[in-house]
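All ligand and atom numbering here is 1-based and tracks the order in the structure.
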Amino acid sequence: MIRNMKNIAIFASGGGSNARKIIEHFEKSDLGRVALVVSNKKDAGVLDIAHAHQIPTHLIGRADFYESKKILSILDEHRIDLIVLAGFLWLVPTYLIGAYPKRIVNIHPALLPLFGGKGMYGAHVHTAVKAAGAKESGITIHFANEHYDAGDIIFQTTCALTEEDTPETIARKVLALEHEHFPKVVEGLLQGW
Ligand code: GRF
């Protein structure tokens, strides 16, 4: 049976190591493919990764994203079924949440609801985890809503921490979990459709 391939758009602001893992995962899948990469940073490494994989890219500005809703026509043009936020630092506007109900997923490098919310990204997260003396950290994959890091949780997994851990070693442990699980969780969502 020829399944209708689902089209994934990845939104990212940074280096894109998670985007790369997802792109590579779906190059071997008959369920879905990464059809578009969107960024808000013209020099983001994720755009180079997209180009290397011949994936179309789109750069958004604040006015576009929060006022003109132009992104909706871009997503339609690429027949996007699922939006994956992989290190996307802007808040998702309500109109986009409404246009893609339970179709926007985000990954957060901590165990929400702990260590989440505005300003909690990248090293800030792992520094806070270390400062709190947490015995574990981990990842949370959740449906995005109009608040930072607050939508329904889809998947969480943990890694143990020791006194010797630093924010840098915590970041490494967490990123390894992201790379291992994010592609599979996204595939699991597509299987459910
Ligand atoms: C990851 O730590 C992810 O949890 C967070 O942003 C970071 C993206 O890293 N949302 P990369 O650009 O995928 O390497």
Side-chain angles (χ1 to χ4, degrees), residues 8-27 34 36-53 55 57-60 65 82-93 96-97 100 103-130 132 134 136-159 161 165-189:
I8 298 164
I10 295 178
F11 283 45
S13 307
S17 73
N18 276 289
R20 181 202 302 274
K21 291 293 180 188
I22 291 168
I23 289 166
E24 289 168 353
H25 178 91
F26 282 96
E27 276 171 347
V34 177
L36 178 68
V37 169
V38 174
S39 188
N40 58 318
K41 293 256 189 281
K42 67 181 181 332
D43 54 357
V46 70
L47 295 173
D48 299 329
I49 292 170
H51 297 147
H53 289 268
I55 295 171
T57 59
H58 180 73
L59 195 58
I60 46 170
F65 198 51
L82 177 68
I83 296 172
V84 171
L85 309 179
F88 184 66
L89 297 183
W90 286 358
L91 201 55
V92 179
L96 190 54
I97 301 287
Y100 287 85
R103 292 284 187 272
I104 306 177
V105 292
N106 182 50
I107 189 165
H108 183 72
L111 297 170
L112 295 176
L114 298 175
F115 307 111
K118 188 168 171 52
M120 289 303 269
Y121 61 88
H124 302 294
V125 175
H126 310 302
T127 302
V129 167
K130 177 66 186 173
E136 64 177 12
S137 190
I139 62 171
T140 303
I141 297 170
H142 62 95
F143 288 114
N145 65 19
E146 51 274 29
H147 308 293
Y148 283 112
D149 304 327
D152 294 344
I153 291 175
I154 301 166
F155 175 83
Q156 284 190 311
T157 189
T158 64
C159 54
L161 303 179
D165 268 305
T166 66
E168 292 70 28
T169 61
I170 296 171
R172 266 203 296 281
K173 288 181 179 177
V174 170
L175 194 61
L177 292 177
E178 293 178 343
H179 290 173
E180 180 187 350
H181 292 286
F182 204 7
K184 288 186 281 190
V185 169
V186 171
E187 174 135 9
L189 284 175

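At the top of the distance list for atom 8 (C) of ligand 1, counting protein heavy atoms only, stands G87 CA, 3.8 Å. With respect to atom 12 (O) of ligand 1, the closest heavy atom belonging to the protein is G16 N, 2.7 Å. In terms of protein heavy atoms, atom 9 (O) of ligand 1 is closest to N18 ND2, 3.9 Å. Among all protein heavy atoms, the one lying closest to atom 4 (O) of ligand 1 is E178 OE2, 2.3 Å.
Under the 3.5 Å distance criterion, with hydrogens and angles disregarded, a donor-acceptor pair is assigned to the side chains of S17 and H179.
Ring geometry for F88 versus F65: interplanar angle over 60°, hence perpendicular rather than tilted (30 to 60°).
Legend: residues meeting ring pair (Phe, Tyr, Trp, His ring centres under 6.0 Å) with H25, ordered by chain and number and at least two apart, are absent.
Heavy atoms of G15 come nearer than 4.0 angstrom to ligand 1 in at least one pair.
Note that CD of E180 is 7.5 Å distant from OG1 of T157, once rounded to the nearest 0.5 Å.
Near S17, meaning under 4.0 Å from any of its heavy atoms, are these atoms of ligand 1: 11 (P), 12 (O), 13 (O), 14 (O).
Across S13 and A44, no two heavy atoms sit closer than the pair O-CB, 3.7 Å.
The 12-atom threshold is exceeded at NZ of K173, counting heavy atoms of other residues, nucleotides or ligands nearer than 6.0 Å.
Checked against a 3.5 angstrom limit, the closest N/O atoms of I107 and ligand 1 fall inside it. Below 3.5 Å of separation, one finds no N or O of H108 facing any N or O of ligand 1.
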